Amino acid sequence: MDHILTVNNLKTSFLTSSGEVQAVRGISFHLDKGESLGIVGESGSGKSVASMSILRLLAQTGRIREGEVLFGGADLTKVNTRALRSIRGKRIAMVFQDPMSSLNPLIPVGDQVGEMLWAHTGLDKRARTERVLELLRTVRIPEPEQRLNSLPHEFSGGMRQRVMIALALACRPEVLIADEPTTALDVTIQDQILKLMRSLQAETGMSIIFITHDLGVVAELCTRVVVMYGGLILEEAPIDELFDRPMHPYTMGLLDSVPGAHQDKAARLTPIPGSPPDMTRPPEGCPFAPRCRYARNLCAAQRPPYFHPGEGRRSMCWLLHDDAPSAGNPFKGGRIG
Ligand code: SF4
């Protein structure tokens, strides 16, 4: 399978009054053509910073310290602003949680989608209007001819998110990055939007990175998932294998937090006891050690390397080392509790 996007050893920090927040501390992953990859983690895990780093959409205090983002033969961490602008929105598009912060409240939605086309395509006004209508139909907005001149506040939350998806699809992007796009919506509308995204992916063949704290959402849409914590990827697996046989205590905690979650793909994440690490002074060893019921002395002292417990799988946990003891080791038949 061809990789459409490759992230290598990405490190992103923010300068704050309390020091340098090391939000992303060296992550590597790839996205295949036409696949849908989930990036899952609690708030503060670094998942959104990772996605914003891809298009260099960081706050002013943010810096990519190291690493590369390879797309279309270029490293997006190094291309000039003009080249990056020609990629943003056109070849890689984003959808965020809150459509109201991305839509202009004073401009009719038809004009906003039309402006995106005007900025990135050579279409004349009539062709643009046709394409706007086609896009609104694609995202299943009823009676689009009547909605062209409506303002964002005249749409429901779910319909506004559909408008955002129409905007993102306007230039037929190769990659769509969706950052918690359904979090603010109720469950029924969320389900409709996920179904819409799945069918749009099938129709267009685009690749999707779906960032979420919600394992249920990942199960609906993604074929592969990476689990982030403390600015690192702790586990990667095909989605079914992650649910059936998690190979990292953090992932197990995420799944165990809902009874029967191993079997129930609609399960949602609930917080694991304890709090995420202070990223101004991230732990030297395993970032999950202070919350991990299996932690040993080595865990806090030294960061584990990746172990590969199956094809397409990796896990950053000392328990997978060949020489790790079996007693009390959930990956060697000794699960506790
Ligand atoms: Fe727990 Fe140690 Fe594995 Fe980290 S490396 S998840 S602390 S057992």
Side-chain angles (χ1 to χ4, degrees), residues 9-11 21-29 37-47 49-50 211-215 218 224-259 261-262 267-337:
N9 194 32
L10 182 72
K11 295 183 183 173
V21 176
Q22 298 174 45
V24 172
R25 298 193 292 144
I27 61 166
S28 301
F29 64 91
L37 172 73
I39 302 183
V40 183
E42 292 169 290
S43 165
S45 61
K47 61 189 190 304
V49 174
I211 292 129
T212 180
H213 66 285
D214 189 329
L215 271 178
V218 168
R224 192 160 59 89
V225 61
V226 296
V227 178
M228 280 194 73
Y229 184 80
L232 298 169
I233 291 174
L234 296 190
E235 183 167 11
E236 172 181 347
I239 186 72
D240 288 340
E241 291 188 29
L242 188 95
F243 275 88
D244 293 344
R245 198 169 60 100
M247 295 301 282
H248 194 285
Y250 178 60
T251 315
M252 288 163 62
L254 294 178
L255 291 165
D256 278 350
S257 57
V258 175
H262 288 265
R268 287 160 168 274
L269 303 190
T270 53
I272 297 167
S275 357
D278 171 2
M279 299 307 284
T280 58
R281 272 164 298 163
E284 270 182 40
C286 170
F288 190 53
R291 299 169 79 184
C292 179
R293 68 165 101 167
Y294 305 106
R296 291 139 202 247
N297 289 343
L298 173 66
C299 302
Q302 204 177 325
R303 189 193 293 178
Y306 283 118
F307 297 93
H308 298 275
E311 203 184 327
R313 299 200 65 164
R314 59 178 156 149
S315 170
M316 187 185 276
C317 175
W318 283 120
L319 295 176
L320 293 169
H321 193 288
D322 281 347
D323 298 333
S326 302
N329 186 333
F331 309 125
K332 295 192 177 181
R335 188 163 186 188
I336 298 169

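Keep in mind that what you see is a predicted model, and the values were worked out from it rather than measured. In this chain, residues are counted from 1 in sequence order. Remember, it's 1-based here, ligands and their atoms both numbered in the order they're listed.
- Atom 6 (S) of ligand 1 has His248 CE1, 3.4 Å as its closest protein atom, hydrogens excluded (heavy atom only).
- To the nearest 0.5 Å, the span separating CG on Leu242 from CG on Leu254 amounts to 8.5 Å.
- Here the protein heavy atom with the shortest distance to atom 5 (S) of ligand 1 is Trp318 N, 3.4 Å.
- Side chains of Ile233 and Met228 form a contact here, defined as non-hydrogen atoms less than 4.5 Å apart.
- In the vicinity of Leu319, heavy-atom distances shorter than 4.0 Å reach the ligand 1 atoms 8 (S).
- Judged purely by atom type and a 3.5 angstrom limit, His308 has no side-chain atom pairing as donor or acceptor with the backbone of Arg314.
- Among the atoms of Cys317, an N, O or S atom falls under 2.8 Å of atom 3 (Fe) of ligand 1.
- For ligand 1, the atoms lying closer than 4.0 Å to a non-hydrogen atom of Ala295 are 7 (S).
- Among the backbone and side-chain atoms of Cys292, an N/O/S atom is found under 2.8 Å from atom 1 (Fe) of ligand 1.
- Residue-ligand proximity, Pro304 to ligand 1, at heavy-atom distances under 4.0 Å covers atoms 5 (S).
- Between His248 and Phe288, the ring planes are tilted. Angles from 30° to 60° get that label.
- Under 3.5 Å, the side chains of Thr280 and Asp278 contain a donor-acceptor pair of N or O atoms.
- For atom 2 (Fe) of ligand 1, the nearest protein heavy atom (residue, atom name, distance) is Cys299 SG, 2.3 Å.
- In this structure, the side chain of Ser28 engages the main chain of Asn9 through a donor-acceptor pair within 3.5 Å.
- Nearest protein neighbour of atom 4 (Fe) of ligand 1, counting heavy atoms only, is Cys286 SG, 2.3 Å.
- Atom OG of Ser45 and atom OH of Tyr250 lie 6.0 Å apart (nearest 0.5 Å).
- Ligand 1 places these atoms under 4.0 Å from at least one heavy atom of Ala289: 7 (S).
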